[in-house]
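Here the structure is a predicted model, which means the values were calculated and not measured.
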Amino acid sequence: MTAAAGDVRPLTSSEFARFQRLVLEESGIHLSDVKRALLVGRLARRLRELELDGYGAYLALVERDGRERVRMLDCLCTNETHFFREPRQFEFLRDRVFPVWAADAEAGRRPRRVRAWSAACSTGEEPFSVAMTLLAAFPPGSGWELQILATDLSTQALDRARSALWNVDKSHEIPAALLRRFMLRGVGSQQGRMKAGPELRALVRFERLNLNGERYGVPGDFDLVFCRNVLIYFRPEDKARVVVRLLGHLAPGGHLLLGHAESLTGLTNAARTVGPNVYVRGHDQAPATEAIGPAQ
């Protein structure tokens, strides 16, 4: 049933319960009751665009149309992110992890290769921060192979991430030396914007992936898995399941990096901490970084 622009019936409790179940099944995101207003705010515009008279009609549409379910999740996903978010983790990698990897590679104990996965990459700031950090530690010509996979549930966020283009106001989030080395300032019609340079763009590959899906379908194992500031939206049992699966994609000695509000304490014994919300698999041998002492 269609309606005039702006004429949308209020969301009922039973409709909200159906949205809660659908979003949980499709994404793993738990919409608590306090998120009801958020859902209305995020979906009302889409209902007006489709000239639907109520949320029941939209539910009927998304339940039969996979493309519209993706569009719905795009509307509901929160894509708040920054360059070099959780700076203590980047410092930990730079000062504690990368020197060990370099020494191990020099001694023939590991290949000269780093594979990283940004498992909730949003609009791209995280994977490109990782790319800058890796290139600074293992520059071209040093013999290291660097690969970054960036995935997200939101197709709109992925489109923005693939463009590698941001407002220049975000430049203050990037350390000055890395900004000068890796970012291009827009001119003419692109004035006021900045773009990741070709060195960065060559490292990062983007794919859509649902962390709550039956399987991840990502190739091989990873030395670094970033899954930050997304598990806070999951129920504890779903969070534990996702973390165990992410740990299963770590290469021996690999590191899982979570957001500062996403401690695994009491959630699973499959991981142990080695840095600021940085984890390794619980059965892995203690990395050489631990001999230095606890992270400050």
Is the shortest side-chain N to carboxylate O distance from [X] to [Y] below 4.0 Å?
X	Y	result
D238	R241	yes
E63	R18	yes
E49	R46	yes

With the side chain counted from C-beta on, respond yes when [X] and [Y] share a heavy-atom pair under 4.5 Å apart, and no when they do not.
X	Y	result
L22	R69	yes
Q147	R205	no
V243	Y279	no
P175	R180	no
Q190	L165	yes
L31	R36	no
R245	Y216	yes
R235	L24	yes

Is [X] reaching over with its side chain to a backbone N or O of [Y], donor-acceptor style, under 3.5 angstrom?
X	Y	value
H255	G253	yes
E51	R48	no
R281	L250	yes
E173	H82	no
R94	A137	no
S142	P139	yes
R110	A103	no
D152	A157	no
E145	R112	no
E68	L61	no

Chi angles and distances behind the side chain to side chain contact (heavy atoms under 4.5 Å, CB included) call for C77, R42: CA-CA 9 Å; C77 285; R42 297 283 179 88; 6.0 Å; no
Transitive ILVMFWY side-chain link [X] to [Y], under 4.5 Å:
X	Y	answer
I29	I232	yes
L43	V40	yes
F98	V114	yes
W144	L178	yes
L267	V225	yes

Do we get R193 above W166's six-membered ring, with its NZ or CZ under 6.0 Å from the centre and within 45° of the axis? no
Spacing of [atom1] belonging to [X] relative to [atom2] belonging to [Y], to within rounding of 0.5 Å:
X	Y	atom1	atom2	value
E262	N229	CD	CG	5.0 Å
S129	L200	OG	CG	9.5 Å
C121	I148	SG	CD1	11.0 Å
L38	L76	CG	CG	7.0 Å
D74	T155	CG	OG1	3.5 Å
L47	D53	CG	CG	8.5 Å

Give the ring-plane orientation class for H249 versus F222, where under 30° counts as parallel, over 60° as perpendicular and anything between as tilted. tilted
Classify the angle between the aromatic ring planes of Y55 and F19 as parallel (below 30°), tilted (30 to 60°) or perpendicular (above 60°).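 Taking F19 first and then Y55, their aromatic rings stand perpendicular (interplane angle over 60°).
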What are the two closest heavy atoms between [X] and [Y], and how far apart are they?
X	Y	answer
E86	G259	OE2-CA, 3.5 Å
A271	L247	CB-CD1, 3.7 Å
A150	L158	O-CD2, 4.4 Å
F92	G275	CE1-CA, 3.8 Å
L135	R181	O-NH2, 3.5 Å
L211	C227	CD1-SG, 3.9 Å

What verdict does the side chain to side chain donor-acceptor pair (under 3.5 Å) test give for T123 and E125, after you've listed the backbone C-alpha separation in whole Å, the side-chain angles of each residue and the deciding distance to 0.1 Å? CA-CA 6 Å; T123 49; E125 287 87 335; 2.6 Å; yes
Test log, rule side chain to side chain contact (heavy atoms under 4.5 Å, CB included), inputs V100 and R96: CA-CA 7 Å; V100 174; R96 305 271 297 277; over 6 Å; no
Heavy atoms of other groups near [X] [atom1], more than 12 under 6.0 Å:
X	atom1	result
N167	CG	yes
K170	NZ	yes
R113	CZ	no
R160	CZ	no
E237	CD	yes
R45	CZ	no

Give a yes-or-no answer on whether the side chains of [X] and [Y] include a donor-acceptor pair shorter than 3.5 Å.
X	Y	result
E126	S118	yes
R208	S154	no
N212	S27	no
R228	Q89	yes

Set out, in order, the CA-CA distance, both residues' side-chain angles and the distance that settles side chain to side chain contact (heavy atoms under 4.5 Å, CB included) for M183 and M132, then state yes or no. CA-CA 10 Å; M183 285 291 172; M132 285 185 263; 3.9 Å; yes
Sort out for me which residue in L149, L256, D221 forms a side-chain contact (heavy atoms from CB on, under 4.5 Å) with W117. L149
Validation row, ring centre F128 to ring centre F83 under 6.0 Å: no
Let's go through I174 and F182 carefully: what are the C-alpha distance in whole Å and the side-chain angles of both, what is the deciding distance for side chain to side chain contact (heavy atoms under 4.5 Å, CB included) to 0.1 Å, and is it a yes or a no? CA-CA 10 Å; I174 304 173; F182 293 116; over 6 Å; no
